[in-house]
2 protein chains.
Amino acid sequence: MGAMTTPEARLLVVEDDPNIVELLSASLRYAGFDVAAAMSGADALTVAGEHKPDLVVLDVMLPDLDGFEVIRRLRAGGQRVPVVFLTARDNTDDKIRGLTLGGDDYVTKPFSLEELTARIRAVLRRTHSAEPAGRLAFGDLELDEETHEVFRGGSRISLSPTEFKLLRYLMINAGRVLSKRQILEHVWNYDFRGEDNIVESYMSYLRRKVDNTEPRMLHTIRGVGYVLRATDA
Amino acid sequence: MGAMTTPEARLLVVEDDPNIVELLSASLRYAGFDVAAAMSGADALTVAGEHKPDLVVLDVMLPDLDGFEVIRRLRAGGQRVPVVFLTARDNTDDKIRGLTLGGDDYVTKPFSLEELTARIRAVLRRTHSAEPAGRLAFGDLELDEETHEVFRGGSRISLSPTEFKLLRYLMINAGRVLSKRQILEHVWNYDFRGEDNIVESYMSYLRRKVDNTEPRMLHTIRGVGYVLRATDA
DNA sequence: GCACCCGCTGAGAAGAAGCTGAGAATTTCC
DNA sequence: GGAAATTCTCAGCTTCTTCTCAGCGGGTGC
């Protein structure tokens with residue numbers, strides 16, 4: 001469920017696993033991006049030529065060229081297109097560290113869609129500066145995407161990483177009813193194989209931390225899902 | 001039963017159980033959709049080629065291809081046709097996860113026709129954006145399909161899932177007299193084997209919750225059924 | 001007017017959905 | 001390497017929901 005903001009950016013997804021290409025294309029497109037895909041390094045260079053992406057989502061492990069080579073060639077023409085890399089968790093490659101200094105970023109597999117779209121938006125924000133600021137607010141609840149800080153009524157609340165992602169997802173979709181399945185698919189890693197109950201647990205944590213004062217904002221719609229909204233029923 | 005609105009969309013129903021195909025074709029057609037049907041994956045691809053559906057209603061369990069394969073091939077041509085999947089309730093299949101990512105949705109069997117058509121309309125609304133908004137109104141009674149909120153005279157009323165579906169059905173068919181049997185067949189799951197009396201019970205609940213002020217809107221037509229309308233007759 | 005039928009509703013049993021504390025497993029951090 | 005934090009599961013509990021039943025009462029037909 002995309003937070004439709006500006007007329008959004010053009011992305012190029014480069015990834016050899018067809019399932020992940022499918023996953024990313026569908027959800028990023030639905031999030032409002034204009035998405036093109038490529039399944040090899042050579043392919044990526046061709047498609048980039050036509051599609052002129054504003055940002056590239058790039059798996060560092062490709063069958064032909066490696067991701068860094070792809071970037072080198074993409075940028076050979078002088079264009080400094082920003083990148084979000086997809087890497088394996090155990091990849092301690094220094095090259096990534098080096099590249100992220102240039103305003104790029106990386107996400108380790110398996111990732112959650114929430115995490116990836118947040119990174120994409122953050123990189124676009126830094127490079128294009130046409131993106132909305134990375135601070136979400138709803139009532140007296142505030143969430144800063146840059147610093148990972150959350151405030152309720154002005155006082156700072158400390159959240160675990162998952163709690164933070166869940167709250168961000170709820171805030172981006174404030175007013176919309178989200179099913180447990182939907183939340184699971186966006187906030188948890190795509191390889192998570194648990195039950196809906198984990199969402200109930202985390203909603204319980206969140207309520208204790210950020211929703212223990214009136215007016216309550218985290219509401220359960222029995223049989224449907226959860227919604228962040230100001231008014232009570 | 002049909003809320004005749006726009007000239008409505010073309011659907012392709014793909015399902016191997018002939019009873020369900022029959023049930024769906026008849027009722028979706030009656031709801032105003034232009035419906036084609038297919039009983040296998042291969043069949044689906046052929047029919048889709050001729051019929052060019054705006055949306056596919058697709059059982060994930062098919063005798064030949066599985067539903068995901070059908071979708072992959074349908075979309076191979078670059079067309080991003082939206083889908084409402086039909087799944088078994090206990091389907092813990094990994095592939096089921098990720099279904100709602102591209103704006104698609106799913107309904108678990110056994111479903112109610114009311115539920116399925118609501119999902120179909122919601123998906124069309126999100127993808128085509130030519131559908132009427134998901135908010136029904138009748139007099140000072142309002143029902144929001146997105147947020148599952150119901151208001152009478154401006155104040156929010158909380159309904160259980162079945163109460164909500166029943167009221168939506170009545171509102172979509174406002175002014176039309178609906179028999180108890182008709183209501184049972186549309187609002188309750190298709191495998192429900194109870195008596196008409198359940199409808200009386202739920203009408204009683206609804207009256208208490210949403211029709212306890214003048215002017216009364218939920219009228220009984222003795223020996224025939226119920227109707228939602230403003231004036232007495 | 002009387003009897004009958006239909007619909008209304010309260011009570012309650014059975015089940016489903018959701019919440020939370022406890023604890024095991026895992027990861028992170030120092 | 002150990003402590004702390006975090007993630008995830010599970011089971012008990014509570015609350016809400018569904019559905020049935022039976023008695024009541026009002027309309028309808030004779």
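Chain letters run A, B, ... following the sequence lines, proteins first and then strands; every chain starts at 1.
- Atom-to-atom, CE of Met203(A) to P of dT20(C) comes out at 10 Å; the value is rounded to the nearest Å.
- Summarising the geometry, the separation between CZ on Arg207(B) and C1' on dG10(C) is reported as 16 Å, rounded to the nearest angstrom.
- Between Tyr106(B) and Phe111(B), the distance separating the two ring centers is not shorter than 6.0 angstrom.
- Between the CG atom of Leu218(B) and the P atom of dG7(C) there is a distance of 15 Å, rounded to whole Å.
- Shown are Glu142(A), Glu149(A), Glu146(A); of these, the salt bridge (Lys or Arg N to Asp or Glu O under 4.0 Å) with Arg135(A) is made only by Glu142(A).
- Of the possible polar contacts, one joining the Asp211(B) side chain to the Leu218(B) backbone as a donor-acceptor pair under 3.5 Å is found.
- Rounded to whole angstrom, the span from the CG atom of Leu167(A) across to the P atom of dT6(D) amounts to 15 Å.
- Rounded to whole Å, atom P of dC8(D) lies 14 Å from atom CG of Asp196(A).
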(request) Classify every nucleotide of nucleotides 18-30 of chain D by which part a protein heavy atom approaches to under 4.0 Å, writing B for the base, S for the sugar-phosphate alone and - for neither, in 5'-to-3' order. (result) BBBBB--BB----

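- dG7(C) atom P lies 17 Å from atom CG of Leu206(B), rounded to whole Å.
- Thr117(B) places a side-chain N or O within 3.5 Å of a backbone atom of Glu114(B) that can act as its donor or acceptor partner.
- Formation of a donor-acceptor pair under 3.5 Å by the Asn189(B) side chain with backbone atoms of Phe192(B) is not found in this model.
- Between Phe164(B) atom CZ and dC16(D) atom C1' the separation is 18 Å, expressed in whole Å.
- For the pair Thr220(B) and dC8(C), the criterion of a side-chain N or O lying under 4.0 Å from OP1 or OP2 is met.
- Bending across the helix from dG1(C)-dC30(D) to dC30(C)-dG1(D), expressed as the angle between its end axes from five pairs apiece, amounts to 30° (10° rounding).
- Atom CZ in Arg216(A) sits roughly 14 Å away from atom C1' in dC19(C) (whole-Å rounding).
- Under the 3.5 Å distance criterion, the side-chain polar atoms of Asn173(B) are left unmatched by any main-chain donor or acceptor of Arg176(B).
- Residues meeting the salt bridge (charged side-chain N to carboxylate O under 4.0 Å, His left out) test with Glu145(B), sequence neighbours left out: Arg125(B), Arg168(B).
- Between Leu159(B) and Leu166(B) there is no side-chain heavy-atom pair separated by less than 4.5 Å.
- Between Lys180(B) and dG7(C), a side-chain N or O to OP1/OP2 separation shorter than 4.0 Å is present.
- At a threshold of 4.5 Å between non-hydrogen side-chain atoms, the residues Ile120(B) and Leu28(B) count as touching.
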